[in-house]
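This report refers to the structure that appears directly beneath it.
Remember, it's a predicted structure, so these values are computed and weren't measured experimentally. Residue numbering restarts at 1 for every chain, and letters A, B, ... go by the order of the sequence lines.
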Amino acid sequence: MQRVWDRALEEGIPLSVQFDLTYRCNERCVHCYLDHDDHGELTTAEVKDVLDQLAGAGTLFLIFSGGELLLRKDFFELLAYARQRGFDVKLKTNAILLGEREADRIRDLGVRQVQISIYSHRSEVHDAITKVPGSLQRSLAAIRFLRGRGLHVLIANVLMRQNAGDYPHVRRLAEEMGVECTIDPTITPKMDGDTSILDLRLSAPQMLRVFTDKSLAGDGFCVPPSGTVDEEMLDARPCSAGHTACYVSPYGDVFPCVQFPLATGNLRRQRFEDVWHRSPQMNDVRAIRMRDLPTCSSCAFMSSCTRCPGLAYMEGNMRGPSSADCEKSQIRAVGASAAVHS
Amino acid sequence: MSPTYLVRATKIAARKVAGEMVILDAEDSSLYVLNAVGTAVWEAADGATPISSVVEAICHEYDVDAETAARDVDAFVAGLVAHRVLRVVDQPAVDREGRS
């Protein structure tokens, strides 16, 4: 697979695209970065046209997300169209509208994976985060419907202060249900720049416990720090955003990534190829190498840092550090040091 | 000998990436990257093009004899059939306008 990504990078092909079909949602998660009003979603015909353009540009991996995508009445029509156009499709959903009939259709349409957010094994914690009573049980029922049909399910467990200690139970629940589980401590500012939800981020002691949890060895964000930086690392691209991946909003806005709200064009006014290849903003992102980051390129944690260019952009400078990732690197270093001295 | 046709499995995703066909199986995430000949066969697996036409096209394009081309195509098709990525049928699965 790496060879395919390398070829896509060489040729400037947007191999992977996340396409949010709506920002409307039937949950009101306390950490969500979106507003849930409809400001003029792309119509069915417009979405199909975007899909045609993405297929023409070489996109293979398509992630349909939201908002809650099952709120779109034309969702299955769009899913069928995407599959007909040859995309490998993954879905991100809270699944509380997903019953047996929907599970049948998702199976029949050849979706490769369905990602469902589960915040806790305890209803009182999960439902308090989603603000929808009964949502945990409905999401778990949907997972069972999907698994019963042989579909691959990934539980996404976002960590925040309210559920910091619950992830081992969620991982066990996932194992019992025969599905994968990923945990993620990333809370991002709202798309309008409001940073109030950042207070929900794990505290430093909570983060340290996660990073030093031996059962999570192998998860990307638990990589211990390393001081080795070589020329190859300095020549590296910060991430795939704008190189082999991008994000399309329900309104046709194109961004380098869902976490990188730098407007590069709009597909109601421009062709995707024009935005992807000729947007000055996209080309600006594309030109950045690690050595161009004035602070990070000389940082001792550079080689193991999970720096997100989008989070740096939201802090005011896409060539600057992302303070949340700086903090994670420092906490990893503390954890590694404690492990050496224990 | 009656003509045979190739049909792609429905749970497959496929895209030509930098000249190579990349195929992904939704059921088990198996990945197949086809070379130029494989890509030509895949593109002809529309349920309407006889395999013999694919062999002829490959002979023309790659300057190989019919026997060699037929053997290569058969081996390639057998591999993808074994992985349930392609099916061989003895009747057209769609008409020339692409209606199944």
Side-chain angles (χ1 to χ4, degrees), chain A residues 1-17 51-64 79-91 104-115 146-147 149-154 179-180 240 243-245, chain B residues 5-49 51 54 57 76-77 79-89 92-100:
Chain A
M1 190 65 219
Q2 188 55 48
R3 190 166 68 89
V4 176
W5 284 103
D6 290 345
R7 292 294 301 275
L9 183 61
E10 282 167 24
E11 304 280 332
I13 295 169
L15 197 59
S16 175
V17 172
L51 293 174
D52 288 342
Q53 294 184 56
L54 294 176
T59 302
L60 172 61
F61 302 107
L62 181 69
I63 300 165
F64 272 150
L79 176 58
Y81 191 79
R83 290 290 298 122
Q84 184 200 324
R85 297 294 279 118
F87 292 100
D88 170 74
V89 179
K90 292 185 179 182
L91 307 177
D104 282 341
R105 297 181 76 181
I106 289 169
R107 175 201 56 202
D108 294 344
L109 287 167
V111 168
R112 190 155 65 94
Q113 185 189 69
V114 183
Q115 179 178 317
L146 294 165
R147 280 301 298 145
R149 286 156 179 80
L151 281 151
H152 300 283
V153 177
L154 174 68
V179 305
E180 291 180 76
S240 63
H243 294 280
T244 53
Chain B
Y5 308 85
L6 296 172
V7 182
R8 301 169 195 146
T10 54
K11 294 188 176 178
I12 293 299
R15 188 75 70 225
K16 207 173 192 175
V17 179
E20 295 177 325
M21 189 61 71
V22 179
I23 298 170
L24 202 54
D25 187 331
E27 283 188 343
D28 61 7
S29 295
S30 295
L31 179 84
Y32 308 88
V33 182
L34 309 187
N35 62 17
V37 173
T39 297
V41 175
W42 180 265
E43 288 178 328
D46 57 4
T49 306
I51 294 180
V54 183
F76 171 79
V77 168
L80 290 189
V81 167
H83 288 98
R84 297 187 303 162
V85 169
L86 280 181
R87 281 187 300 124
V88 179
V89 295
V94 291
D95 62 27
R96 285 286 181 178
E97 277 71 49
R99 292 181 294 251
S100 54

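- For B:R84, the CZ atom is loosely surrounded, since the number of other residues' heavy atoms within 6.0 Å does not exceed 12.
- For B:I12, the part lying near chain A is the backbone, with the side chain staying farther off; criterion is any non-hydrogen pair under 4.5 Å.
- Between chain B and the residues A:R3, A:E10, A:R85, A:K90, the most heavy-atom pairs under 4.5 angstrom are made by A:R3.
- At a 4.5 Å heavy-atom cutoff, A:V89 makes no contact with chain B through either its backbone or its side chain.
- Annotation: the span from B:R15 atom CZ to A:F61 atom CZ amounts to 10.5 Å, rounded to 0.5 Å.
- Counted within 6.0 Å of CD on B:E43, heavy atoms from surrounding residues, nucleotides or ligands total more than 12; the atom is thus considered enclosed.
- B:K16 contributes atom NZ, which lies 14.5 Å from atom CG of A:L60 (distance to the nearest 0.5 angstrom).
- Using a 4.5 Å heavy-atom cut-off against chain A, the contacting residues of residues 29-37 of chain B are B:S29, B:L31, B:V33.
- When all heavy atoms of A:G110 and B:A26 are compared, the pair lying nearest together is O-CB, 3.4 Å.
- By the 6.0 Å contact criterion, CZ on B:R87 is open, its count of non-hydrogen atoms from other residues, nucleotides or ligands being 12 or less.
- Between the side chain of A:R83 and the main chain of B:T10, a donor-acceptor pair closer than 3.5 Å is present.
- Residues B:E27 and A:R112 fail the side-chain proximity criterion, which asks for heavy atoms closer than 4.5 Å.
- Looking at A:L62, neither its backbone nor its side chain comes within 4.5 Å of chain B, counting heavy atoms on both sides.
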